[in-house]
Amino acid sequence: MVPKGFTALPLPIAQLSLAAVLKCGQSFRWVAYPLVASEEIKAEQPTEAPTHEYRFALKDRVICLRQDSNSLFYRAVFPKDVADACKDPKVAKKKEEETLDWLNDYFQLDVDLISLYTEWAERDVVFRENVKDRFAGIRMLRQDPWENVISFICSSNNHIGRITKMVQSLCTSFSPPICTEPSPEDGEDPSSPQVYHAFPSPKQLAADDVASKLRELGFGYRAEYVQRTAEMLCEEHEDPQAYLLGLRKLSTEDARAELLKLCGVGPKVADCVLLMSMDKKMVVPVDTHVHQIALKYYGLRGTPSGKGGKVPMTPKIYEAVGSKLVETWGDYAGWAHSVLFTADLRSFASYGLPTPTGTPVKQSLPPTPVPPTPSESDSDYFGTSPTKKRKTRASGSPSKLKRVKTE
DNA sequence: ATAATACCCAAT
DNA sequence: TTGGGTATTA
């Protein structure tokens, strides 16, 4: 049944799992509210009722979402002035359409995730046997570039928990409240009226005192990056947000070059932005975590000297990891990477995944020759891929792309 | 043009 | 002590 005040959108859980997608480190702004198990109807049976409500503050409204196995339920909460204007059916209808349009765009619902999972399963045995059926519905969000850039500048050398807290601070400290709304708890508990703030604009984060304020808020050295990036964008562009949005039209390499000009934006952060808000679906951001996954499950060679634990990330290794994963997954490699990344977050490794060490991963529909077990040493990072891989199937590499002298 | 290091904070 | 990195300096 449809929750009161919500509109239902037919959508199988395999196409989108809010629980996985909204909390896996793509966006850091969704707040999850547990819903009390309605009645004793919790009497077994396939999970029917939604277990959580998720909320996200947009410019002029708060989006509320719930879902069960077959539907996505949504509704928007507006500030008083807009709500009043909505008494006019015309306005109300327009606002509702905007919300639906936003949902379709944000979740990229025109992309059939089932087909992608099928393709990845055919190409990758690890995905096929250990991920596909256990981690369904994990898709790439299409986020606002500005928010994405700032959020990921905050992500450097950091973990999801703290990043979430920092982004939250950004909103409550530099952006005025949009509106308030009680927590879901069906029995309208006036207990804790939540206050929602949109993500601050470039101008709001470009003010001089922002950096010091961020320091106090615990941003550490990222404080200056955020303020300077905002400042830089405001100085160079009449409309910073429109400029960033415009980067979607550029090639991956050109857009990356632009992003790398920003303070606190290096190869990894730039790739996150390209993948999550610039439509560059093949880009695979490589952090140490992804590096580990590639080493462990995709036959990527460790460093020649094979130092026990730590392997410093170099541009060369970054490129090698990215290329390897693109070869494995194809043109939606970035999306696939997100599934593996999320699965790994939920520690699928502890479920006894077979590792290449002793279990040669055999690609069945292979653009890639079987990577042999990491046997002997070698000064290369690839598992024998003698086939001319000269073309560097796009993405992945931030290095050697363009000299971008930045006059 | 490839390597070390510092940086701010939190978790182990 | 070690990162879900980047910028700076050697």
Side-chain angles (χ1 to χ4, degrees), chain A residues 20-21 23-28 138 140-141 143 148-170 210-229 231-232 256-276 283-296 303-305 307-322 325 334 337-349 379-381 396-406:
Chain A
V21 173
K23 289 294 187 177
C24 69
Q26 285 189 55
S27 169
F28 303 95
I138 298 173
M140 192 55 52
L141 261 24
Q143 303 186 255
N148 204 215
V149 165
I150 297 301
S151 295
F152 280 83
I153 282 177
C154 294
S155 80
S156 72
N157 223 316
N158 211 156
H159 56 87
I160 294 179
R162 184 153 78 115
I163 301 167
T164 300
K165 191 176 145 213
M166 289 163 72
V167 172
Q168 173 73 259
S169 295
L170 236 30
V210 170
S212 61
K213 213 161 177 176
L214 289 177
R215 280 279 176 180
E216 297 173 6
L217 289 171
F219 277 58
Y221 59 83
R222 305 170 196 78
E224 284 71 30
Y225 292 162
V226 170
Q227 193 274 325
R228 288 173 57 197
T229 288
E231 189 174 50
M232 185 178 312
R256 177 184 286 123
E258 287 299 298
L259 293 170
L260 290 175
K261 292 176 181 173
L262 306 175
C263 299
V265 177
K268 191 271 185 177
V269 172
D271 281 354
C272 281
V273 175
L274 288 171
L275 173 65
M276 312 196 286
V283 172
V284 177
V286 180
D287 53 35
T288 58
H289 214 165
V290 170
H291 185 196
Q292 293 312 311
I293 291 176
L295 286 172
K296 202 168 181 185
T303 53
S305 52
K307 286 309 174 188
K310 45 172 77 294
V311 182
M313 180 56 66
T314 64
K316 195 170 182 180
I317 295 177
Y318 190 102
E319 153 66 22
V321 174
L325 296 178
H337 133 279
S338 182
V339 178
L340 266 290
F341 185 89
T342 303
D344 196 59
L345 266 187
R346 317 284 242 248
S347 64
F348 74 123
S379 57
D380 208 335
Y381 299 105
S397 170
S399 56
K400 74 173 188 191
L401 285 174
K402 335 189 66 154
R403 287 300 105 92
V404 186
K405 255 6 263 220
T406 309

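Just so it is clear: chains get the letters A, B, ... in the order the sequence lines come, proteins before strands, and each one is counted from 1.
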Trainee: I'd like to check the side-chain contact (heavy atoms from CB on, under 4.5 Å) partners of A:M313; sequence neighbours left out, ordered by chain and number.
Mentor: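 For A:M313 the side-chain contact (heavy atoms from CB on, under 4.5 Å) partners, ignoring immediate neighbours, are A:V286, A:H291, A:I317, A:Y318.
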Trainee: Checking A:H289 now: which residues fulfil ring-ring contact (aromatic ring centres under 6.0 Å, His included) with it, not counting sequence neighbours?
Mentor: A:F341
Trainee: What's the CD1-P distance between A:I317 and B:dA1, to the nearest Å?
Mentor: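 So the two atoms are 18 Å apart, to the nearest Å.
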Trainee: Let's test your reading of the pairing rules: Watson-Crick or G-U wobble, both distances under 3.5 Å, then write DNA chain B as a dot-bracket string with ( ), [ ], | and dots.
Mentor: .||||||.|||.
Trainee: Using the P atom as the reference point in each nucleotide, state the distance between B:dA4 and C:dT2 in Å, no decimals.
Mentor: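 Approximately 16 Å lies between the P atom of B:dA4 and that of C:dT2.
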Trainee: When all nucleic acid strands are considered with a 4.0 Å heavy-atom cut-off, which category describes A:V265: base, sugar-phosphate, or nothing?
Mentor: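 Here A:V265 touches the backbone only, sparing every base.
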Trainee: Measure OH/A:Y318 against P/B:dT2 and give the value in whole Å, please.
Mentor: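 Distance, rounded to whole Å: 17 Å.
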Trainee: As a quick check of understanding, evaluate side-chain contact (heavy atoms from CB on, under 4.5 Å) for A:R256 and A:D271, giving each step before the final call.
Mentor: CA-CA 7 Å; A:R256 177 184 286 123; A:D271 281 354; 2.9 Å; yes
Trainee: Report the residue (A:D287 or A:C263) whose heavy-atom-nearest nucleotide on DNA chain C is the more 5′ of the two.
Mentor: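 Upstream on the strand: A:D287.
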Trainee: Can you tell me how far CG of A:L274 sits from CG of A:N148, rounded to the nearest 0.5 angstrom?
Mentor: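 Rounded to the nearest 0.5 Å, the CG-CG separation comes to 9.5 Å.
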Trainee: Provide, to the nearest angstrom, the distance between the CG atom belonging to A:L259 and the C1' atom belonging to C:dG5.
Mentor: 16 Å
Trainee: When rounded to the nearest Å, what value does the distance between P atoms of C:dT9 and B:dC8 take?
Mentor: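 Taking atom P in both C:dT9 and B:dC8, they lie 15 Å apart.
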Trainee: Would you kindly give the CZ-to-P distance between A:R228 and B:dC7, to the nearest whole Å?
Mentor: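 My rounded result for the distance is 16 Å.
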Trainee: I need the CZ-P distance between A:F152 and C:dT6, as an integer number of Å.
Mentor: 12 Å
Trainee: Does the A:S338 side chain pair with the main chain of A:G334, one donor and one acceptor, at a distance under 3.5 Å?
Mentor: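 Side chain of A:S338 to backbone of A:G334, a donor-acceptor pair under 3.5 Å: no, none is there.
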Trainee: Would you say the side chain of A:S155 lies within less than 4.5 Å of the side chain of A:K268, judging by non-hydrogen atoms?
Mentor: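 A side-chain contact exists here, since the closest heavy-atom pair is under 4.5 Å.
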Trainee: List for me each residue that meets side-chain contact (heavy atoms from CB on, under 4.5 Å) alongside A:E258, sequence neighbours excluded, and say none if there are none.
Mentor: A:Y243, A:L247, A:L250, A:K261
Trainee: Check the surroundings of atom NZ in A:K213: do more than 12 heavy atoms from other residues, nucleotides or ligands lie under 6.0 Å from it?
Mentor: no
Trainee: Using the C1' atoms only, state how far C:dT1 lies from B:dT5, rounded to an integer number of Å.
Mentor: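 These two C1' atoms come out 16 Å apart once rounded.
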Trainee: Under 3.5 Å, which N/O atoms of the protein pair with N/O atoms of nucleotides 8-10 of chain B?
Mentor:
{"from": "B:dC8", "atom 1": "OP1", "to": "A:R215", "atom 2": "NH1", "distance (Å)": "2.8"}
{"from": "B:dC8", "atom 1": "OP1", "to": "A:R215", "atom 2": "NH2", "distance (Å)": "2.9"}
{"from": "B:dC8", "atom 1": "O5'", "to": "A:R215", "atom 2": "NH1", "distance (Å)": "3.3"}
{"from": "B:dC8", "atom 1": "O4'", "to": "A:Y221", "atom 2": "N", "distance (Å)": "3.1"}
{"from": "B:dC8", "atom 1": "O2", "to": "A:R162", "atom 2": "NH2", "distance (Å)": "3.2"}
{"from": "B:dC8", "atom 1": "O2", "to": "A:R222", "atom 2": "NH1", "distance (Å)": "3.4"}
{"from": "B:dC8", "atom 1": "O2", "to": "A:R222", "atom 2": "NH2", "distance (Å)": "3.4"}
{"from": "B:dC9", "atom 1": "O4'", "to": "A:R162", "atom 2": "NH1", "distance (Å)": "3.1"}
{"from": "B:dC9", "atom 1": "O4'", "to": "A:R162", "atom 2": "NH2", "distance (Å)": "3.2"}

Trainee: Under 4.0 Å between any heavy atoms, over every strand shown, what does A:C272 touch: base, sugar-phosphate, or nothing? Just pick one.
Mentor: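 The residue A:C272 makes no contact with any strand.
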Trainee: Which residues satisfy the ring-ring contact (aromatic ring centres under 6.0 Å, His included) test with A:F152, sequence neighbours excluded?
Mentor: A:F28
Trainee: Specify the separation, in whole Å, of atom CE of A:M313 and atom P of B:dT5.
Mentor: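 To the nearest whole Å, that distance equals 19 Å.
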Trainee: Does A:R215 have more than 12 heavy atoms from other residues, nucleotides or ligands lying within 6.0 Å of its CZ?
Mentor: yes
Trainee: Under 4.0 Å, counting only non-hydrogen atoms across every strand here, what does A:L214 touch: a base, just sugar-phosphate, or nothing?
Mentor: nothing
Trainee: What integer number of Å spans the P atoms of C:dA7 and B:dA10?
Mentor: 22 Å
Trainee: Rounded to whole angstroms, how far apart are NE2 on A:H291 and P on C:dG3?
Mentor: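 The answer, rounded to whole Å, is 12 Å.
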Trainee: Between P on C:dG5 and CG on A:L260, what's the gap in Å once rounded to a whole number?
Mentor: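 Going from CG in A:L260 over to P in C:dG5 covers 16 Å.
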